[in-house]
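Order of appearance sets the numbers: ligands from 1, and atoms from 1 within every ligand. Small disclaimer: the values here were computed from a predicted structure and weren't measured.
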Amino acid sequence: MKTTELKQKLDEIFGQSNVQTRIFFSPGRVNLIGEHTDYNGGYVFPCALDFGTHLVIRENDQNVYRFATTNFEQKAEIEVSNNLPKVSNHWYNYPMAVIDQFNKKGNSFHGLDFLFSGKIPNGAGLSSSASIETVTAYALNELFGMKYDLWELIKLSQKAENEFIGVNCGIMDQFAVTMGKENHALFLNCATLDYEAIPLIMDGHKLIISNTNSRRGLTDSKYNERRSECEAAVEMLNEKKQIENLSALNYAEFMSMKELVSDPIVFRRAKHVISENNRVLNAIEALKNNELVKFGELMNQSHDSLRDDYEVTGTELDTLVEEARKLEGVLGSRMTGAGFGGCTVSLIKEEIIEDFKIKVGKAYFDRTGLVPEFYVAAVGDGIKEV
Ligand code: GLA
């Protein structure tokens, strides 16, 4: 929908008003490598996509927050209060979670009308939640001249997801959709929050996202479980060396202390995280040296580690990856995001895009009965006012 149409839609849903209406945008993201490392103080390498969530917003004089979206019929009207209720699993918990965080920081609002319009498939691991959270945080900050900087808005949005939604996510998604840069991927050190935008120069190659179209109900609880397993590993390792998180150890150090991690499952979780950090560093070096074949191999190793050691892939993601890797011209293929369903990202030669869609699509359908979707990723900028 065009921006003028979005404004009209807002008037249609909530009635005409003389108050100024503003439009903001936050993209989705795809993570190229560095999975389940962010909440372990490790490295990630995501980029923002050229599609995401628009938010049309204006004040009202009714002392209610009114939420609507062009994606579903479901609307809501919630009385303004500094103690907002979480409403089961409804989508508008995401903007409410952000308002709640602003309230906790001592900012209160009067009535507001929100119309969201999202292009990111829900639950596909492309950060539809972070996109809604950050666009809400950014819009409110601009609308009320609150002067929080981008990092404060990123952290506020992450906290909104942790506390109100109850998913103990790391900072990667909110960071990537906010700071995204066209044709660049962002190398973030999640312990220090230092980052570098690295040009994605991929002559003759493309990133293709394949959606399993399968969303597992257990994603959130399994995600939190993985996080606790990593904390358990830190606690065991602390017997010998005081560390704040798993990324404080390099692979050799970790292996030399491996007998401390007596639980085999916890050991494999930690091994994934620590080896994944290495893969991120190697992948970035490969990209800088124009060694895309090597970059692809590291993507493959990342997936295999997420499948065997971290156990967050599942049949659908593994099938998509296996079928992709069978094709000539596929340099690498891996799951992206939290896992348990959602999407894969593959690095492929440009000339095989159509072939890829047909062959992988058919083989995946034959094996799972599901029809996948494909998006050729265009890497866009981060959050902005439209
Ligand atoms: C989700 C979380 C991120 C990150 C990834 C896994 O997308 O929101 O913080 O942990 O999973 O890498």
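- Nearest protein heavy-atom contact of atom 1 (C) of ligand 1 is Asp173 OD2, 3.6 Å.
- The one candidate from Phe67, Trp91, Tyr92, Tyr94 that meets the ring-ring contact (aromatic ring centres under 6.0 Å, His included) condition with Phe116 is Trp91.
- For Thr134 and Ser26, the side-chain atoms include at least one donor-acceptor pair closer than 3.5 Å.
- Against a heavy-atom cut-off of under 4.0 Å, Tyr223 is close to the following atoms of ligand 1: 1 (C), 2 (C), 3 (C), 4 (C), 9 (O), 10 (O), 11 (O).
- With no hydrogens or angles considered, no side-chain donor-acceptor pair links Asn300 and Arg334 at under 3.5 Å.
- No hydrogens or angles considered: a donor-acceptor pair under 3.5 Å links the side chains of Gln74 and His90.
- Between Tyr39 and ligand 1, no pair of N/O atoms sits closer than 3.5 Å.
- The single protein non-hydrogen atom nearest to atom 3 (C) of ligand 1 is Asp38 OD2, 3.3 Å, given as residue, atom name and distance.
- Close contacts of ligand 1 with Cys169, meaning ligand atoms under 4.0 Å from a residue heavy atom, involve 2 (C), 8 (O), 9 (O).
- Counting only N and O atoms by type, the side chains of Ser117 and His54 include no donor and acceptor under 3.5 Å apart.
- Atom numbering of ligand 1 starts at 1 in the shown order; those under 4.0 Å from a heavy atom of Gly170 are 9 (O).
- Near Arg29, the atoms of ligand 1 lying under 4.0 angstrom from a non-hydrogen atom of the residue are 7 (O).
- Here is the list of ligand 1 atoms found below 4.0 Å of a heavy atom in Gly337: 6 (C), 11 (O).
- Between Glu253 and the options Lys258, Lys240, Lys241, a salt bridge (Lys or Arg N to Asp or Glu O under 4.0 Å) holds for only Lys241.
- Close approach of ligand 1 to Met172 (heavy-atom distance below 4.0 Å) involves ligand atoms 4 (C), 5 (C), 12 (O).
- In this structure, a donor-acceptor pair under 3.5 Å is present between the side chains of Ser247 and Asn277.
- Below 3.5 Å of separation, one finds no N or O of Thr37 facing any N or O of ligand 1.
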